[in-house]
Visitor: 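Pasting a structure here, questions to come.
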Amino acid sequence: MMTRTSLALTCSAAALIVLAASSAGAQQDARLALIRDDATRDVVRAQLVSASSRGLPADPFMSKALEGVAKKATSKSIRAAMAALEKRLRIASSALAPTPSVDELAAGADALSVGVPEKSLKQLRTAAPGRSIAVELGVLTELVARGVPAKQASKLVLDLVARGASGVQLTALGRDVQGDVAAGLKPDVALDLRGRNVLSLLPPPPTVSNVNVRPR
Amino acid sequence: MSPRVVAWVLFVVALRAAGAQSQQDVQLDAGIARVRQRARDERGAAILGVTWRLSDARVATLLSAAITNTGDSLSAAQMLGAVAWRPFASGWAVVETGAGLNVFGLTNSLRGGNFSGYVRPRVNLGTGGVWTGAAVGSTMRDADPSHGTSVEAGAWYRLGDLTTTVMAARQRTDDWPLMEASGIYLARASLMTDLDDATLSLRWARGRFTAEVANTWRNGRRATTASQDALFWSAQYTVNSRVAIAVGSGRVLSDPVRGTPDVTMTTAMVKLTWRPARSEADVPGVASYARVVPQVGGAMFLLAIVAPDSVSVDVAGDFSGWEPTPLLRTINGWELQMFLTPGRHRVAVRYDGGPWRAPGNLAKMKDEFDGEYGLIIVP
């Protein structure tokens, strides 16, 4: 039987959830109000409803819509951009299952947009099942956007994640590759050199011999 | 050719040039003025001008034409062609040369004209610079020929929003009708009028607003008796990348090289500019550098932009809800400093209301709106 204390806690939690939901809704309405063109606002509202019905977060859509408005895009192009984003978010959601965060979904959608295969997203999730991989996906996207082949970049980031590289090490890798590319090095060569450097600083990968050894 | 026909020709030339796709822009200036030439009645005037600029990293070309219609014999037309050449890629040295043609008495009868040319080498020294120059001009006024020469030297220095320019010029002419009309006389028999000019100008620019005030002091030399000074101020507000509004008032001393008279005027102009969409890659002299410095709880994002010819530079991104935010103008260009929380951030910049682009060295991402943005990852 529910005690008075637990009843009070449950009611408080429910009230907080309702408040948070209504606050998020109010925030979304405020951001929608920033879109002055009625046709564009209707398009965005419809897209948000569609995304919500599929369990996708509203934030990436809202941001894309506001970006389109700032860039003076037509409501038709904003609709097309949001539809393309929804498709990428759905793929990312499936690849990063079971419970991807909003940041991970947005980063995954970015990665897909530059040509990172869905398989790489799944591999990254498998390599780091219990924590956010938003930074890892972001660095992977940066590398591919800078001209590193998607396959090579995916493999290296996967290796680094498996070896426990930190977010700071990964972002530093992205910066170093950028500097090398600016200095005239080919992106794939730059990644190879910088990647080896980071890998050399990490502990060795788990192997059959050191994982499965059990005291007899 | 009547002023109306000339105006239409200028307008059509402007539109045709604006339609061409290259690194060029066309500016159409239209306005009204109250003009009073020394010892004459004040009158209203309509001004229409067209300026066409074409530039790349080494050479900039300018052609301009303007017509001032006062409805009487004071109406005039001016044309100018100029080329600026940067011999070195770093742009520290510039050699500018040009030629101008003035036609007087446009409405009633062609009372004459003037042809002039100049050369002006300039050295840019960081936030300032120096220049020297020489100009010659020949004037035909009511079938009476005359000539003028000028040598000048000047320097400018920019401190924050304020640019200070000083210039000294020495001029010589035998255009006595122009000099007498300007109140400059010879104390004794001489064929030439000799003048020394000193000019101080202050220009203040912040965001979309620019104000300038210039004062010129003129004194006679040798046989010439003259002691004049003239103050002219102007202000401009850039509404957007295509439209600017400008007002100005004051006195402009006679120019013996170009044959223009001593006038006091007040002007109000609308400036319309057509230019193809420009990005960082195709605007000469524009460069940007973004740096993300990791800090406790996030990172400091530093963006530095050099855009010497830009009136405004805006930044937008997730952090501003994609609301365009004007960058702060600094002594070296434009700057942004902001703290970013961990995560993924998108950012884009634009110059003079042009297309949004990824700044400098950030990873460039296509944005599905025919543009791009830069990606920042903060661990």
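To find a chain, count down the sequence lines: A is the first, B the second, and so on, and within it residues start at 1. Given the structure is predicted, the values throughout are model-derived calculations rather than measurements.
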Visitor: Is any side-chain heavy atom of B:Met365 closer than 4.5 Å to one of A:Ser113?
Guide: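 Result yes, sub-4.5 Å side-chain heavy-atom pair found.
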Visitor: Are any of the side-chain heavy atoms of A:Arg146 and B:Lys364 separated by less than 4.5 Å?
Guide: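 Heavy-atom side-chain distance check fails, nothing below 4.5 Å.
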Visitor: Enter the distance from B:Ile377:CD1 to A:Glu136:CD here, rounded to the nearest 0.5 Å.
Guide: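 B:Ile377 atom CD1 to A:Glu136 atom CD measures 10.5 Å (nearest 0.5 Å).
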Visitor: Does any heavy atom of chain B fall under 4.5 Å from the side chain of A:Ala134, the backbone, both, or neither of them?
Guide: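 Neither the backbone nor the side chain of A:Ala134 comes within 4.5 Å of chain B.
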Visitor: If you count the non-hydrogen atoms of other residues, nucleotides and ligands that lie under 6.0 Å from CG in A:Asn197, is the total more than 12?
Guide: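 Enclosed.
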Visitor: A:Ile78 versus chain B, heavy atoms under 4.5 Å apart: side chain, backbone, both or neither?
Guide: both
Visitor: Inspect the surroundings of CZ in A:Arg88 and state if more than 12 heavy atoms from other residues, nucleotides or ligands are less than 6.0 Å away.
Guide: yes
Visitor: Please classify the contact of B:Asp367 with chain A as side chain, backbone, both or neither, using a heavy-atom distance under 4.5 Å.
Guide: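 Interface part for B:Asp367: both.
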Visitor: Side chains of B:Pro324 and A:Lys71: does their closest heavy-atom pair fall under 4.5 Å?
Guide: no
Visitor: Of the backbone (N, CA, C, O) and the side chain (C-beta and beyond), which part of A:Glu142 lies under 4.5 Å from a heavy atom of chain B, both, or neither?
Guide: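 It is both, since atoms from each part get that close.
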Visitor: Minimum heavy-atom separation for B:Asn361 to A:Gln178, with atom names?
Guide: CB-NE2, 3.2 Å
Visitor: State, to 0.1 Å, how close B:Pro379 and A:Val168 come at their nearest heavy-atom pair, and which atoms those are.
Guide: CB-N, 3.7 Å
Visitor: Under 4.5 Å, counting heavy-atom pairs only, tell me which of A:Ser132, A:Gly138, A:Gly147 racks up the most with chain B.
Guide: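 Counting heavy-atom pairs under 4.5 Å, the top option is A:Gly138.
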Visitor: A:Lys72 versus B:Phe369: any side-chain heavy-atom pair under 4.5 Å?
Guide: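 Heavy-atom side-chain distance check fails, nothing below 4.5 Å.
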Visitor: Within residues 182-192 of chain A, which residues come under 4.5 Å of chain B, heavy atom to heavy atom?
Guide: none
Visitor: Can you find a pair of side-chain heavy atoms, one from B:Val378 and one from A:Thr171, that are under 4.5 Å apart?
Guide: no
Visitor: Mind listing the side-chain donor-acceptor pairs of residues 343-350 of chain B below 3.5 Å, one per line with the distance, residues two or more places apart or on another chain?
Guide:
{"residue": "B:Arg344", "atom": "NE", "partner": "A:Asp110", "partner atom": "OD2", "Å": "2.3"}
{"residue": "B:Arg344", "atom": "NH2", "partner": "A:Asp110", "partner atom": "OD1", "Å": "3.3"}
{"residue": "B:Arg344", "atom": "NH2", "partner": "A:Asp110", "partner atom": "OD2", "Å": "3.2"}
{"residue": "B:His345", "atom": "NE2", "partner": "B:Thr341", "partner atom": "O", "Å": "2.6"}
{"residue": "B:Arg346", "atom": "NE", "partner": "B:Asp318", "partner atom": "OD1", "Å": "3.3"}
{"residue": "B:Arg346", "atom": "NE", "partner": "B:Asp318", "partner atom": "OD2", "Å": "3.3"}
{"residue": "B:Arg346", "atom": "NH1", "partner": "A:Glu67", "partner atom": "OE1", "Å": "2.6"}
{"residue": "B:Arg346", "atom": "NH2", "partner": "A:Ser63", "partner atom": "OG", "Å": "2.8"}
{"residue": "B:Arg346", "atom": "NH2", "partner": "A:Glu67", "partner atom": "OE1", "Å": "3.4"}
{"residue": "B:Arg346", "atom": "NH2", "partner": "B:Asp318", "partner atom": "OD1", "Å": "3.3"}
{"residue": "B:Arg350", "atom": "NE", "partner": "B:Asp314", "partner atom": "OD2", "Å": "2.9"}
{"residue": "B:Arg350", "atom": "NH2", "partner": "B:Asp314", "partner atom": "OD2", "Å": "3.2"}

Visitor: Any idea which of A:Gly174, A:Ala81, A:Ala80, A:Ala145 has the most non-hydrogen atom pairs under 4.5 angstrom with chain B?
Guide: A:Ala81
